[in-house]
Each structure stands twice: as structure tokens, then as C-alpha cells.
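First the proteins, then the strands, lettered A, B, ... as listed; each starts at 1.
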Amino acid sequence: MRFSRLFAPTLKEPPSDAEIKSHEYLVRGGFIRKVTAGVFDYLPLGKRVLDKIWKIVKEEMDAIGAQEMLMPIIQPAELWKMTGRWDDYGPTMMKLNDRHGREFTLGPTHEEVITFLMKNEINSYKQLPVTVYQIANKYRDELRPRYGLLRAREFVMKDAYSFHSDWESLDEVYQDMRKAYQKIMERVSLRYLIIEASSGAIGGNESHEFVSLAPIGESNVLYCEKCGYQASDERTPYVGEYEKIEEEEKPLERVSTPGVRTVEQVASFLGVGPQRIVKSLLYVGRRGFIMAMIRGDLEINEEKLKEVMKDQSIRLATPEEVLEKFGVPIGFIGPVGIEDVYIVADESVRYLKNFVVGGMKEDTHYINANIGRDFNVDMWADLRMAKEGDPCPVCGAPLKATKGIELGHIFKLGTKYSEAMKAFYMDEKGDLKPFIMGCYGWGVSRTMAAIVEQYHDEKGIIWPLSVAPYTFIITVVNMNKKEQVRVGERIYEILSRNGEEVVLDDRMVTPGVKFNDADLIGFPIRITVGKSVSSGKVEVKMRYSDERVDVSIQGSDSQILSKLLEIKRSYSPPPKV
RNA sequence: CGGGGAGUAGCGCAGGUGGUAGCGCGCCUGCCUUGGGAGCAGGAGGUCGGAGGUUCAAGUCCUCUCUCCCCGACCA
């Protein structure tokens with residue numbers, strides 16, 4: 001490709017909305033352009049990178065026997081209503097109506113569609129197992145799209161689904177996927193962690209996330225340097241012991257606390273530590289209000305709450321709902337005297353004595369509340385959000401924290417969808433059984449941004465070879481010098497003829513422009529054709545290094561080629577993390 | 001959804017108190033230049049997000065509306 005023909009509009013200045021380097025450089029380098037919030041054009045360079053990632057993902061899926069297919073973007077509401085996710089997934093779905101008013105969604109994922117297909121097409125255990133996948137656009141109406149390709153509303157995802165008649169078979173595919181994902185990470189040169197995204201305690205379900213390391217990542221990872229435990233903070237159980245407070249129970253007392261709502265305010269107003277205050281948060285679930293209680297200095301992990309309540313629809317109640325139901329503003333809600341509420345308390349509350357809770361009346365709190373005497377807890381559970389320094393659930397050493405970008409997620413679904421959609425097959429004995437399912441997602445477009453996060457410097461992107469839009473850029477320094485043009489054309493011809501991906505910068509612009517664009521776009525290897533042609537040499541430089549090596553152009557084409565390919569083989573950019 | 005900010009040329013931005021629309025980059029033409037975003041000269045390009053209003057006069061003031069960006073999203 002000649003740069004003079006390449007549609008790659010580069011920008012000198014960062015776009016005003018770019019907060020992170022991958023966003024800035026992908027826009028400035030002419031890879032992507034924003035169409036509207038969270039929706040992008042992929043320009044030719046961006047499409048080439050995307051295609052390379054796409055191909056790697058496809059190859060690794062094919063290698064483990066997954067079969068590629070394609071499912072629709074437009075999906076009817078009925079399928080989603082069968083599993084209850086029309087409401088559960090609700091606001092994140094892009095919804096639309098046809099001219100008759102029928103409801104549809106732009107698919108955020110395809111469990112319903114694939115299960116519907118298999119329900120109709122697979123009748124016997126003899127047809128199992130089967131694993132299919134697709135690489136296609138997904139649509140999620142994110143609360144707040146940002147960070148360019150990292151949190152987009154339209155994005156490219158690989159999603160695979162497997163169907164089984166037994167758990168062993170599911171586990172085999174699960175392990176295959178795990179290995180395939182590791183290969184993908186290696187092939188795109190990303191440093192990553194595989195983290196547990198499930199406690200493993202519930203129903204044999206299992207889930208792992210593949211997280212690309214990046215300081216700007218939105219996944220919080222906890223890991224143990226001693227035993228190698230790695231998990232998301234949401235899925236890390238708390239295994240520490242809580243201190244038993246041995247104190248005589250004092251009489252319950254309601255005190256006036258005008259305008260004092262938050263734990264910090266209550267602590268300073270009453271002069272007690274946050275450890276002696278108990279937060280009571282009201283949630284709404286399928287069966288009504290739920291109160292979650294936890295010690296004042298800790299945070300509730302809503303994922304744990306959903307899990308112990310076996311209710312994924314749980315959400316925090318709004319202040320209006322609370323006021324309407326209980327006649328008390330949030331901030332003064334507490335467990336004493338409350339009715340029609342299921343009370344779940346974190347273990348941190350269990351051995352507390354004489355603590356502070358909301359007064360169930362505006363501007364009041366109770367002091368010296370005690371469990372059993374003043375209120376009862378319906379269920380004790382681990383609701384605590386794990387954080388750095390908590391004991392490792394495996395070995396007890398203090399956990400460390402880091403951040404990453406979630407690229408892959410594999411999950412043993414079990415029979416959740418097959419049962420909800422009555423997707424059954426007939427087993428050896430003639431009994432109808434629900435499919436045992438797994439699903440496996442990979443963010444293809446997001447991978448592009450994750451790579452840039454790990455491979456860039458102050459000048460631009462430094463692509464790993466496997467995903468670079470082109471491998472070589474030939475920079476002809478002075479287009480008015482016939483000799484330079486001739487040599488540039490010759491090298492361009494040699495590389496092109498041998499199937500190398502190369503751009504010849506034949507633009508009539510000053511060298512600075514060419515060098516800066518080459519650095520910004522991130523071509524791995526730059527061949528500078530300049531003054532040294534007169535002494536029979538060009539200069540070759542790898543993007544991540546300042547070292548320049550001279551390559552003689554006096555030898556044969558094949559000598560030049562083998563020298564350039566030798567340099568290509570040694571290309572190995574260092575990741576930033 | 002709550003709070004804040006912003007919509008003016010392709011991009012980045014400036015335009016007290018109302019008075020005929022500006023700068024830098026980019027773009028076009030010519031000359032010149034070519035090892036890290038050159039120089040000179042000349043030029044093209046804007047219904048100032050949209051609708052309504054006040055006024056002799058609105059980018060500027062008022063009302064409504066759309067979009068975008070940032071922070072937060074209930075931790076009681």
C-alpha cells in the first residue's frame with residue numbers, strides 16, 4: 001500500500017474526549033472514528049487490526065473443534081421473556097419495535113437464540129456434545145460508554161456455546177476453551193491473569209475471566225503472591241474471623257441525629273467508630289424488600305447478596321420506594337421494628353454488641369442495639385466486598401490488588417437456559433433431559449484497545465507483529481531525490497512480492513511528518529530511505545528501539561529480503577505492564 | 001437517573017457590557033524546502049446544535065429542545 005493512497009487520516013492533537021491512550025492513539029492514528037457515543041467506524045487500519053485479532057480468535061476456536069455459525073443481531077422479545085432476562089437484563093438492552101409494535105432487541109448476547117435453535121434441532125444424546133461460535137456485533141446500552149473501544153455500545157465479540165449431556169463433557173470443552181483463550185492471549189502478546197469469577201460454591205457452576213493487565217482497567221483483581229490465588233474482588237469470599245465483643249447489653253435508646261445520614265456523619269456526630277455502626281441497606285428483589293446489614297466500615301458486595309438470595313434481579317431500593325413503604329427517609333432505616341423485610345446480615349455484624357442503627361424515624365438513630373433482643377436476623381452470610389489486605393481464602397496470606405481489562409469470560413451455565421426454555425434432549429433411557437450448557441465470550445474489538453494499552457509510548461502505538469496493520473513502513477525521506485524514490489520502490493516491490501505487509505510512504509511531505517505518522521500508527525519496522533542510499537545503504541529501525549541498523553542495498557533482492565526478515569523475526573516489543 | 005460543563009470551519013479553540021465571524025492546525029494554488037509535524041504569498045471553507053422569543057440589531061440575553069463530555073449513581 002502506498003501511503004499517498006492510504007485512507008488513514010492522522011491527527012496532531014488528541015481528540016477532546018479521549019481519556020486514555022488507546023482511545024487517543026486509535027483515533028489520532030486513523031484507526032477509528034466516533035459516530036456517536038460508544039459507536040465507532042473502523043477505518044482501513046482499524047479494520048486490518050480487527051481482522052487480525054478476529055482471525056486469531058477464529059483459528060483458536062476452530063482448533064478446539066468449535067464450529068463457526070452466525071446468529072441474528074435482531075432478536076424477538078419472546079425469547080428473552082422465556083428466560084426472564086427481558087426484565088433482568090432490561091436497561092442494558094437496545095430495544096426496538098417493528099411496524100406492528102412487536103418488541104425486539106439488538107442482541108447483547110445470544111444464549112436465548114442459540115438455546116432456541118438447539119431446542120428445535122437437537123433431540124438425542126447421540127447428537128451431543130456440540131460447540132458453536134460466532135464473531136459478530138453485540139449491542140449493549142451501557143450506562144456510560146467511555147474509554148473508546150473499551151466500553152462501547154456496539155462492539156465485536158466472539159461468543160461460543162456448548163451443549164452436553166453430562167458435566168464431564170462440559171468440563172472438557174471448558175478446559176479446551178481455557179487453553180484456547182491462553183493461546184489467544186499469547187498470540188496477541190498480552191500480559192494477563194486468569195481469575196476466578198465464581199466462588200465455586202454454588203451448584204458446580206464455574207467461571208473464569210481472562211483479564212489483560214492495565215492500570216486503567218475496570219476489573220479489580222485480587223491475587224495471592226504466596227499461593228497463586230487469583231480472583232475478582234466481587235467473587236472473593238471473606239475467610240477472616242471477626243472479633244467477639246464481650247460487653248454487657250445496654251438498654252436500647254433512640255437518639256436525635258438531625259440531618260445525619262451517612263456512616264461517616266453518624267460516626268463523628270455520635271463520637272463512635274464506624275465499626276460500631278451497622279449499615280442497613282434496603283434492596284428490592286423478586287419477593288419484596290430485603291435488608292442487607294454490614295459493619296459500618298465495610299461495603300456490601302451485591303453479587304454475593306444476589307447469590308445468597310438466589311435472585312439476580314436484586315437492586316438497591318430507591319429513596320422514593322423506601323419513603324413510600326416505610327415512611328422513613330433512607331439514612332434512618334434500621335432493623336429495629338421494621339416489618340415486611342427479609343433481613344440478611346454479614347458475618348461482621350454477628351458478634352457486635354451495643355451498636356448504632358437507623359432509628360426508623362427521620363433524624364433519629366438507635367444506640368446500643370443488640371441482635372436477638374432488638375431485632376432478628378433471617379440469614380447470616382458473607383456479604384463483604386473483598387479488598388486488598390484481606391486474607392487469601394486459600395492460604396490466608398494478605399491479598400494484593402491490581403486492575404485489568406476483562407477480555408474473555410468462560411462460564412459453565414448448567415441447565416439455567418435449557419430449563420427455562422424447555423430445551424430438552426432424549427437420553428439413553430428415553431428420558432427427557434435439559435441440555436447442560438457452557439458459554440464463552442471474548443471481546444474482539446476490546447482486545448484491540450487492550451493491546452494498545454500495553455503497547456505504546458509517548459509517540460504512539462507499538463504494535464506486536466501478530467496484530468500490526470502492516471509490518472513494514474518504507475519512509476522515503478526526500479521524494480525529490482530520484483535515487484531515494486527508486487530504492488524505496490525496489491524494497492517495496494521485494495517485500496510485496498514475498499507477501500509481506502508493507503506501506504511505502506511516498507507522500508510529498510517533509511520527513512518529520514512521515515516519521516511522526518509512522519511512530520503514531522505504530523508500524524513495527526521502519527525502513528528509512530534517505531541520504532545513505534548514496535553509499536548503498538538504507539536504515540532499519542524497530543519501533544520500540546532507538547537502535548538503527550544499516551542494510552546494504554547492493555546485494556541481490558533475496559539478500560535484502562532475508563536481512564529484513566531476519567530483523568522482523570527478532571522484533572519483540574516490551575509490554576508496558 | 002442526579003450534578004457539572006460544552007456545542008462556533010475537517011480537528012483543537014477564542015469570541016467583557018448585544019452592533020456585518022476569528023486564531024492555530026489541516027485543506028487548495030504557486031514558489032521554495034526535505035533526516036523528526038518547514039517557510040513565504042495567495043485562496044476556499046461556518047444557516048455559531050435545533051426551535052421559539054426579546055431587540056432597530058442576537059454567537060452573545062430569555063424559554064424550550066437535542067446531542068456530546070466529565071463526575072456521581074443512592075453504601076443509608
Here the salt bridge (charged side-chain N to carboxylate O under 4.0 Å, His left out) pairs for residues 23-40 of chain A, sequence neighbours left out, are A:Asp17-A:Lys34, A:Lys21-A:Glu24, A:Glu24-A:Arg28
So, with a heavy-atom separation below 4.0 Å from RNA chain B, the residues of residues 36-44 of chain A are A:Thr36, A:Ala37
Hits for ring pair (Phe, Tyr, Trp, His ring centres under 6.0 Å) against A:His23, two or more places apart or cross-chain, chain-then-number order -> none
A:Tyr544 meets the ring pair (Phe, Tyr, Trp, His ring centres under 6.0 Å) criterion, sequence neighbours left out, with A:Tyr571
I'd like a list of close polar pairs between nucleotides 39-43 of chain B and the protein, N/O only, cut-off under 3.5 Å.
none

Sorted by chain and number, sequence neighbours left out, ring pair (Phe, Tyr, Trp, His ring centres under 6.0 Å) with A:Phe269 holds for none
With sequence neighbours left out, the residues meeting salt bridge (Lys or Arg N to Asp or Glu O under 4.0 Å) with A:Arg548 are A:Glu539
Hits for ring pair (Phe, Tyr, Trp, His ring centres under 6.0 Å) against A:Phe326, two or more places apart or cross-chain, chain-then-number order -> A:Phe289
Nucleotide N/O to protein N/O under 3.5 Å, stretch nucleotides 24-28 of chain B:
unit_1, atom_1, unit_2, atom_2, d
B:G24, N2, A:Glu13, OE2, 3.2
B:C25, O3', A:Lys12, NZ, 3.4

Contact string for nucleotides 1-9 of chain B, one letter per nucleotide 5' to 3', B = base within protein heavy-atom range under 4.0 Å, S = sugar-phosphate only, - = neither, reads ---------
Here the salt bridge (charged side-chain N to carboxylate O under 4.0 Å, His left out) pairs for residues 471-483 of chain A, sequence neighbours left out, are A:Glu483-A:Arg486
Hits for side-chain contact (heavy atoms from CB on, under 4.5 Å) against A:Asn354, two or more places apart or cross-chain, chain-then-number order -> A:Glu247, A:Glu249, A:Lys250, A:Arg276, A:Asn368, A:Asn370
